[in-house]
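Here is the structure we will look at.
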Amino acid sequence: MTTSTSHHLSPAFPGRAPWGTANKLRAWQQAAMDLYLGKQPRDFLAVATPGAGKTTFALTLASWLLHHHVVQQVTVVAPTEHLKKQWAEAAARVGIRLDPEYSAGPLGREYHGVAVTYAGVGVRPMLHRNRCEQRKTLVILDEIHHAGDTRSWGEACFEAFEPAARRLALTGTPFRSDTNPIPFVSYAEDGEGVRRSVADYTYGYGKALADGVVRPVIFLSYSGNMRWRSKAGDELEAKLGEPMTRDAVSQAWRTALDPRGDWMPSVLRAADTRLTEVRRAIPDAGGLVIASDQDSARAYAKLIREITGTAATVVLSDDTGASKRIEEFSQGEDRWMVAVRMVSEGVDVPRLAVGVYATTISTPLFFAQAVGRFVRSRRRGETASVFLPTIPMLLGFAHEMEVERDHVLDKPKKGGDSEDPYAEEADLLKEAERQQDEDTGDQDQLPFEALQSDAVFDRVMYDGAEFGMQAHPGSEEEQDYLGIPGLLEPDQVQLLLQKRQARQIAHSRRRPDAEADLLETPAEKRPVVTHKELLELRRQLNSLVGAYSHQSGKPHGVIHTELRRVCGGPPTAEATAGQLQQRIAKVREWATRMR
C-alpha cells in the first residue's frame, strides 16, 4: 500500500511530514500502515510519542478502510470535548466527515461517523453498541489508556465496541499508575510473571528524535529555600532537592508554586527570558504554564502580565470558550498561555516551545503528556525548554524521556520494581513512628500555609546528562543557559551545554572563596538524594532509639521528643536528611556517655 491509495488524502496532509516529503507519510506511519494491511487485524494498538503524528496515521488508515469497504462508518473516542472537535476538524481535512455533536438518534447522511468522549460512551454504551451492530464500524480509541480511568468507563467501552468490525487503539503513553485493565489491549506475562501491555507498533521518543520528527527537550531545574507552616502548626524550612519525606516534599513543592512567594515570579521571569531568546529564531514561539488549579492559573497570568507587560491567554476549563481560546492562541503570536489541565494531552498547539511545570501532579503519565505539548516539531532544529522545580521524582521523569513503558496489569511482587518500591514500607514505618513518637497534634489540624520561597537556578538536563552549577536568578551564569539558541540540532545542544558548563566552572575557580555563596559543584556531581536513602536514615535513627531505649529504660516517644527538643525540627516522619543525621549523632553521643 502507498499513500496514493488513500484517495481522500490531500497532498498537503499531514502538514508536519518529514522534511521535503510533505505529500508522503512519515516512515513510521508508512511502516505501521504496511504492518496493519499485511495482518488485517481486528484490534491494533499503535504507541507513538506525542507529536509523532498518530492522528495522521489513524485517519489515513480510516480512509483506506472506508475506500475499500472494509468498514462503513467511523467512531472516534477522545478523552475530552476539545479533542473530539479537534479530531472532527482533522478528519474533515482528509474528506472524512465526523459529527462531534452527536448525542443520539440516526446520524445525518452527510457524515461518515461520529466523534465522542469516553465519558459520553460511559453514559450511553448501548447507543454506540447498536450503531456498531447496524453497520461495520472502525472505532478509533484515542489515548486508549483513558478507558481505564474508571472501571465503569472500561466496562462501557467494552460493552459499546465489542461488536465493532475493527478497533484501532492509539496512545503516546501506554502506561498507567493503577492496574485497571485497558479494554481491547493485549497483555502478556514478562519473565517475572507480571502481565504487561503489548503494542502492535511502537514509535518512541528516542526514535522520533533521531528521525527529526520531534524536538529535543531541555529541562531547566530550579531549587531554592522554602518555608511553610504545616497542618500540625510547625514552621518548617527546607531546600528543594534535599532529602525529605514524601509529605515534606509535597509541602515544599506547594510552597514553591505559591504565587505570593518569590520562586514562581523568578522562574516565570527566567522562562520569559528563554522565550525571548527562542523567538529570535522562531518568531511565533509560545509558552505554556501548566497550573494546579484555577486560582493559581489566574495568579500566574497576573504575574506574567507584570513581567512582560502583555496579557496571557488563560484556559480554565474544558468548555466551548476554552477551546476557542486555545485555537486563537494556536493561530496567533501571543507569548503566553496559562492552563490547568486540558492542554496536558492531545491538544495541538505546535508553536509551544517553552513550558513551566507549575503543578503538583506527580505521575509519570501526566508528566509525559505535559512534556508532549512542547515536542511537536515544525521545522528542523527547533528545541523545547521546560522549567521544573527540583523535585527528585520530576528529575527522574525528565531523565527517562526516552524510556518506553508498558501498562502493568498486575501489582509487582514484593521486592520487585514499582513506581516507588519503598512506598509501602515507608507508610508502615511512618505509622509506627506516629504510635511511638511524640504527640503529632493531628487532632488540632491547621490549614497548610506557604510562608516564604526563593529560587535558585539548579541544573540543566538533556539526553540523560546534567549540566551547570547553581546560580542566582538574573546572574550571568543563569543567563548563559537561558540564552541557548532556539534552533539547534540535538548533538549541537549537547556540545553547547558542555561548553557553557566548562565556562561556568572556569569562572567559579577564578572567583574568591568568599564570593562562593552557592554550591560550587557541577550538576552531574550533585545527585539528588533519593527517597530510599532518606528511608535508610529514618530506619537507622529508629534502630538507635530502640537500642538507647533498652539501655536507658526510657520509652521511645520520650527519646524522640528529647531529640527534637535538643536538635530542633519537626517530628521524625517529616524531618530532612540533615535533621535526621543530627539526631543520629546526638543519640549516639548519649549512648556513649552511659557506657
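Just so you know, residue 1 is the first one in the sequence shown, and it goes up from there.
P473 has its side chain out of reach of R269: every pair of non-hydrogen atoms, C-beta onward, lies at least 4.5 Å apart. In this structure the side chain of F329 never reaches within 4.5 angstrom of the side chain of V315, judged on heavy atoms. Residues R227 and T255 fail the side-chain proximity criterion, which asks for heavy atoms closer than 4.5 Å. Considering only heavy atoms from C-beta on, L240 comes within 4.5 Å of W263 through its side chain. Using a 4.5 Å heavy-atom threshold, the side chains of Y203 and D211 count as touching. A 4.5 Å side-chain heavy-atom check between V217 and F374 finds every atom pair outside the cut-off. Here the side chains of L257 and S296 are not in contact, with every heavy-atom distance at 4.5 Å or above. In this structure the side chain of E476 never reaches within 4.5 angstrom of the side chain of Q479, judged on heavy atoms.
Closest non-hydrogen pair, A358 versus Y300, comes out as CB-CE1, 3.7 Å. When all heavy atoms of Y222 and E478 are compared, the closest pair comes out as OH-OE2, 2.5 Å. What you find for P485 and T383 is that their closest heavy atoms are O-OG1, 4.1 Å. Nearest heavy-atom pair across A256 and M264 is O-CG, 3.5 Å. Heavy-atom minimum distance, Q494 versus A465: NE2-CB, 4.3 Å. Between T359 and S292, the shortest heavy-atom contact is CA-OG, 3.0 Å.
Of the possible polar contacts, one joining the Q501 side chain to the G468 backbone as a donor-acceptor pair under 3.5 Å is found. Without hydrogens or angle criteria, Q251 side chain to W228 main chain gives no donor-acceptor distance under 3.5 Å. Judged by distance alone, the side chain of R583 and the main-chain N or O of G568 form a donor-acceptor pair under 3.5 Å. Of the possible polar contacts, none joining the S330 side chain to the I326 backbone as a donor-acceptor pair under 3.5 Å is found. In this structure, R325 contributes its side chain and V314 its backbone to a donor-acceptor pair below 3.5 Å. Without hydrogens or angle criteria, D454 side chain to N225 main chain gives a donor-acceptor distance under 3.5 Å. Checked by atom type and distance alone, the side chain of R305 never pairs as donor or acceptor with a backbone atom of A301 at under 3.5 Å. At least one donor-acceptor pair under 3.5 Å links the side chain of D258 to the backbone N or O of R260. In this structure, the side chain of T49 does not engage the main chain of A52 through any donor-acceptor pair within 3.5 Å. Side-chain atoms of R459 do not come within 3.5 Å of backbone N or O of S221 as any donor-acceptor pair.
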> Yes or no on side chain to side chain contact (heavy atoms under 4.5 Å, CB included) for R503 and R500, after CA distance, side-chain angles and deciding distance?
Replying inline: CA-CA 5 Å; R503 186 164 69 191; R500 295 285 163 98; 3.4 Å; yes
> Taking it one step at a time, do F457 and D480 satisfy side chain to side chain contact (heavy atoms under 4.5 Å, CB included)?
Replying inline: CA-CA 11 Å; F457 170 77; D480 248 4; over 6 Å; no
> What do the steps show when you test R335 against T276 for side-chain hydrogen bond (donor to acceptor under 3.5 Å, both in side chains), and what is the final call?
Replying inline: CA-CA 9 Å; R335 292 177 72 86; T276 297; 2.7 Å; yes
>> Before you tell me yes or no, could you show the steps for T308 and D272 under side-chain hydrogen bond (donor to acceptor under 3.5 Å, both in side chains), namely the whole-Å CA-CA distance, both residues' side-chain angles and the distance that decides it to 0.1 Å?
In response: CA-CA 8 Å; T308 67; D272 189 66; 5.4 Å; no
>> Could you walk me through whether M461 and L388 satisfy the side chain to side chain contact (heavy atoms under 4.5 Å, CB included) test, starting with their C-alpha distance in whole Å, then the side-chain angles of each, then the deciding distance to 0.1 Å, before giving a yes or no?
In response: CA-CA 10 Å; M461 289 161 290; L388 306 169; 4.2 Å; yes
> Do W336 and V356 pass the side chain to side chain contact (heavy atoms under 4.5 Å, CB included) test, and can you show the C-alpha distance, the side-chain angles, and the key distance before you say yes or no?
Replying inline: CA-CA 11 Å; W336 283 100; V356 179; 4.2 Å; yes
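Cation-pi geometry between R274 and F387 is not met: the NZ or CZ atom fails to fall both under 6.0 Å from the ring centre and inside 45° of the normal.
A distance of 6.0 Å or more separates the ring centres of Y462 and F219. Taking the six-membered ring wherever Trp is involved, the centroid distance between the rings of Y357 and F367 falls below 6.0 Å.
With respect to the salt-bridge test (charged N to carboxylate O, under 4.0 angstrom), the residues R351 and E333 do not qualify.
Rounding to the nearest 0.5 Å gives a distance of 10.5 Å between CG of L220 and OG1 of T390. Rounded to the nearest 0.5 Å, atoms CD1 (I218) and CG (L497) are 6.0 Å apart. Distance check, rounded to the nearest 0.5 Å: CG of L487 to CZ of R280 gives 13.0 Å. Distance check: D458 CG to L395 CG gives 7.5 Å after rounding to the nearest 0.5 Å. Atom CD in E277 sits 10.5 Å away from atom CD1 in I282 (nearest 0.5 Å). Going from atom CZ of R215 over to atom CZ of R378 covers 6.0 Å, rounded to the nearest 0.5 Å.
F57 and W28 have tilted rings, their planes meeting at an angle from 30° to 60° on a 0 to 90° scale.
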